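Before any comments, here is the structure.
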Amino acid sequence: MTGKSFNAHGSGLILDRRELMKSAAALGLSFGALGMLGGPALADDTPKKGGTLRLGMEGGSASDSLDPTTYADSIPISYGYQIWNGLVEIGPDGSATGELLESWEAKPGAKEWIFNVRKGVTFHSGKTLDADDVIYSLNLHRGDTKSAAKDLLSSITDIKKLSANQIQITLSDGNLDLPFNLSDYHVLCLPNGFKDFSKPDGTGAYKLVSFEPGVRLVTKNTGNYWKPNRGNFDSIELQYIPDSASRLQALISGQVDAINRLDPKTIDILSSSPDASVVQTKGTGNRFAFVALCDVDPYTSLDARLALKYGMDRKKIVDTVYQGYATIGNDTTISPSNKYYAKDVEQFAYDPDKATFHYKKAGSPKLELKVSEGAYSGATDAGVLYQEAMKQAGIDLAVTRVSGDGYWSNVWLKDSFCAVYWGGRPTVDLQLSQTFLSTANWNDTHWKRPDFDKVLIAARVETDEAKRTQMYAEAQKMIHDDGGMVCYAVGDYLDGYSKKVMGTAPHPRYDMCDQRIAEKGWFA
């Protein structure tokens, strides 16, 4: 893939207030004080049936597929939950709750688990859900597969059918968090033997009408959803709108009813609209980072990696790019709001002298960062500010903007230094295992340390809370001191909704009601 290099005086500059004022004027709005974020429906509101929910979203690609093993961004997660159900759902309090697996219990040591398959659920085809469907769906992510959930299920040594509605899962090592692993958005339930994704057959509230990857997806209500008070819309129209300004205009003009990933610089504009509201999830949103491959020169050098860490002015990026709607990151994917966050690990602060020292010690190598708005909104602006900060340390960081189309298949996991975001995960183990475990398919820094793996795996069965906390702190310190990730910010999830959309609320895992607004919402 080719890209265009630029500097702080070129394209991709951060919008100033005058430009935003012009945008607001073009939309017929005026700047006002930031209104109350949120606007979720009250708990005792009774859901109403009917209407078409129109979603305008970033986080898709022309290469998107209906096959759940391939999902890599927000749009596939959204339509995945429209058509199918997961095995376990994450509740608004972050707990694991029953979905198609309605209950479970673990034997001492957490190596052997019994799961009960929900009764009375049918697929769109009329087939009744049973244990064979669950076993088949789990096995899609085991063995010879490219599924990103393979790592999460790699400790499963056996899945046994005990009855039509009960299975037994045996692990090679105990894991108290297994139900959380089974909540992963790739692990959706398909009918036993299902292979034809041109005609998806799920247990979700909606069935497919049309699918144009990178353009649009339409689903319609099945009319007999098994979850009470959910699946309230007649149909869902999901449009791919990668540009944040275009998404905002589509919401304010009434072309769509909900959008994701609001640009923090435009919150005032949206809050000025009498017909729209913002739902904010503080400090648990996307982890914004630049990642270097630790097994590719020059990033095999710890000094080169330390130069990257000390050479970034994180606070300036948080204040400028995210307008304060983010928390400064410290080079792991664990949010400061997490109870297991390692508070005693020193925060990397901008230090040009230290950056220069480590850069020269590494041999003053050539550095190039690939950025794209296809990775996440703000990646380009963050890259420009990073470039400026490194320049003050006497370091020439080339920043190259590349196409967003196909970014996750063409750049991420392939380029030696590039932009990435990581969404929330319900447990520290999931957050660290998918990103830093030596065997992880999505280890996007190629950082591998057996002592880290040992600590993380041991923490899975540690029931002493103090010891578990210490283990997770030790694991985070290893990544912080030695890893190839420069995680500079943990963003707030910022969703925009028409005020006629009810049932909206913050969620600790993902934005847009854990990407289930199509299932959970309704019109006033």
Side-chain angles (χ1 to χ4, degrees), residues 3 5-8 12 287-321 328-334 342 345-372 375 378-402 411-422 435-436 443-449 452 476-490:
S5 295
F6 62 95
N7 56 36
R287 284 74 167 155
F288 300 113
F290 301 126
V291 288
L293 298 180
C294 296
D295 58 353
V296 176
D297 288 332
Y299 309 111
T300 53
S301 165
L302 175 58
D303 283 295
R305 303 197 295 271
L306 289 174
L308 297 179
K309 294 168 184 282
Y310 284 117
M312 171 176 279
D313 190 340
R314 300 156 199 259
K315 186 177 187 305
K316 187 172 184 179
I317 293 176
V318 167
D319 291 345
T320 307
V321 178
I328 293 174
N330 202 22
D331 296 354
T332 81
T333 51
I334 306 305
V345 174
E346 184 179 358
Q347 171 68 54
F348 273 114
Y350 180 47
D351 192 324
D353 291 337
K354 287 184 178 179
T356 302
F357 170 80
H358 288 291
Y359 178 66
K360 289 182 177 178
K361 192 175 178 182
S364 302
K366 180 180 178 181
L367 303 176
E368 181 184 14
L369 171 67
K370 298 285 181 65
V371 297
S372 175
T380 305
D381 291 337
V384 170
L385 291 176
Y386 193 10
Q387 184 183 53
E388 292 175 347
M390 292 284 270
K391 187 173 295 184
Q392 293 180 43
I395 301 172
D396 183 16
L397 172 65
V399 177
T400 302
R401 183 172 184 170
V402 297
V411 180
W412 182 59
L413 294 177
K414 293 180 174 62
D415 200 85
S416 60
F417 192 33
C418 68
V420 68
Y421 84 90
W422 280 90
T435 323
F436 300 106
N443 182 335
D444 54 13
T445 58
H446 293 187
W447 181 76
K448 299 181 180 181
R449 280 187 50 169
F452 170 84
Q476 289 172 70
K477 190 174 189 312
M478 291 182 196
I479 301 166
H480 170 277
D481 293 351
D482 188 52
M485 172 178 284
V486 185
C487 182
Y488 58 85
V490 179

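Everything quoted here is computed from the prediction, not taken from an experiment. Hydrogens, waters and symmetry mates play no part in the numbers below; they use all other heavy atoms, side chains included. Nothing fancy with the numbering, it's 1 onward along the sequence.
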Taking all heavy atoms of Thr356 and all of Ala393, pick out the closest pair and write down the distance.
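Answer, listing the atom of Thr356 first, then Ala393: OG1-O, 2.5 Å.
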
So, for Asp319 and Lys315, which heavy atoms are closest and what is the spacing to 0.1 Å?
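Taking every non-hydrogen atom into account, OD2-NZ, 2.6 Å.
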
Do we see a donor-acceptor contact under 3.5 Å between the side chains of Trp422 and Asp444?
yes

Going by atom types only, do Thr300 and Asp297 share a side-chain donor-acceptor pair under 3.5 Å?
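Yes, Asp297 and Thr300 have a side-chain donor paired with an acceptor closer than 3.5 Å.
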
Partner of Asp331 under salt bridge (Lys or Arg N to Asp or Glu O under 4.0 Å), chosen from Arg314, Arg287, Lys477
Arg314

Evaluate the side-chain contact (heavy atoms from CB on, under 4.5 Å) criterion for residues Cys294 and Trp447: first the C-alpha distance (whole Å), next the side-chain angles of each, then the deciding distance (0.1 Å), finally the verdict.
CA-CA 6 Å; Cys294 296; Trp447 181 76; 4.0 Å; yes

Return the [atom1] to [atom2] distance between [X] and [Y], rounded to the nearest 0.5 Å.
{"X": "Ile479", "Y": "Thr333", "atom1": "CD1", "atom2": "OG1", "value": "6.5 Å"}
{"X": "Met312", "Y": "Ile328", "atom1": "CE", "atom2": "CD1", "value": "11.5 Å"}
{"X": "Asp303", "Y": "Lys361", "atom1": "CG", "atom2": "NZ", "value": "4.5 Å"}
{"X": "Gln387", "Y": "Ile395", "atom1": "CD", "atom2": "CD1", "value": "12.5 Å"}
{"X": "Leu308", "Y": "Tyr299", "atom1": "CG", "atom2": "OH", "value": "6.0 Å"}
{"X": "Asp481", "Y": "Leu306", "atom1": "CG", "atom2": "CG", "value": "8.5 Å"}

Any side-chain heavy atom of [X] within less than 4.5 Å of one from [Y]?
{"X": "Met390", "Y": "Leu367", "answer": "yes"}
{"X": "Thr320", "Y": "Leu385", "answer": "yes"}
{"X": "Leu397", "Y": "Leu369", "answer": "yes"}
{"X": "Lys366", "Y": "Pro298", "answer": "no"}
{"X": "Tyr359", "Y": "Pro365", "answer": "yes"}
{"X": "Gln392", "Y": "Tyr350", "answer": "yes"}
{"X": "Val371", "Y": "Cys418", "answer": "no"}
{"X": "Val486", "Y": "Val291", "answer": "no"}

Does the Ser301 side chain pair with the main chain of Ala362, one donor and one acceptor, at a distance under 3.5 Å?
no

Does Ser416 reach the main-chain N or O of Val296 with its side chain, forming a donor-acceptor pair under 3.5 Å?
no

For Met485 and Phe436: C-alpha separation, side-chain torsions, deciding distance, then whether side-chain contact (heavy atoms from CB on, under 4.5 Å) applies.
CA-CA 10 Å; Met485 172 178 284; Phe436 300 106; 3.8 Å; yes

For the pair Asp482 and Arg305, find out whether any cationic side-chain nitrogen is under 4.0 Å from an anionic carboxylate oxygen.
yes

Looking at Asp396 and Lys391, is any side-chain nitrogen of the basic one under 4.0 Å from a carboxylate oxygen of the acidic one?
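No, Lys391 and Asp396 are not salt-bridged.
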
Begin from the C-alpha positions of Lys316 and Glu388 and carry the test side-chain contact (heavy atoms from CB on, under 4.5 Å) through to its verdict.
CA-CA 11 Å; Lys316 187 172 184 179; Glu388 292 175 347; 4.3 Å; yes

List for me each residue that meets ring pair (Phe, Tyr, Trp, His ring centres under 6.0 Å) alongside His480, sequence neighbours excluded, and say none if there are none.
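If we apply the ring pair (Phe, Tyr, Trp, His ring centres under 6.0 Å) test to His480, skipping adjacent residues, the hits are Phe348.
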
Can you classify the ring geometry of Phe290 versus Phe417 as parallel (below 30°), tilted (30 to 60°) or perpendicular (above 60°)?
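Answer is perpendicular, since the angle exceeds 60°.
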
Tell me whether the centres of the aromatic rings in Tyr386 and Tyr488 are closer together than 6.0 Å.
no

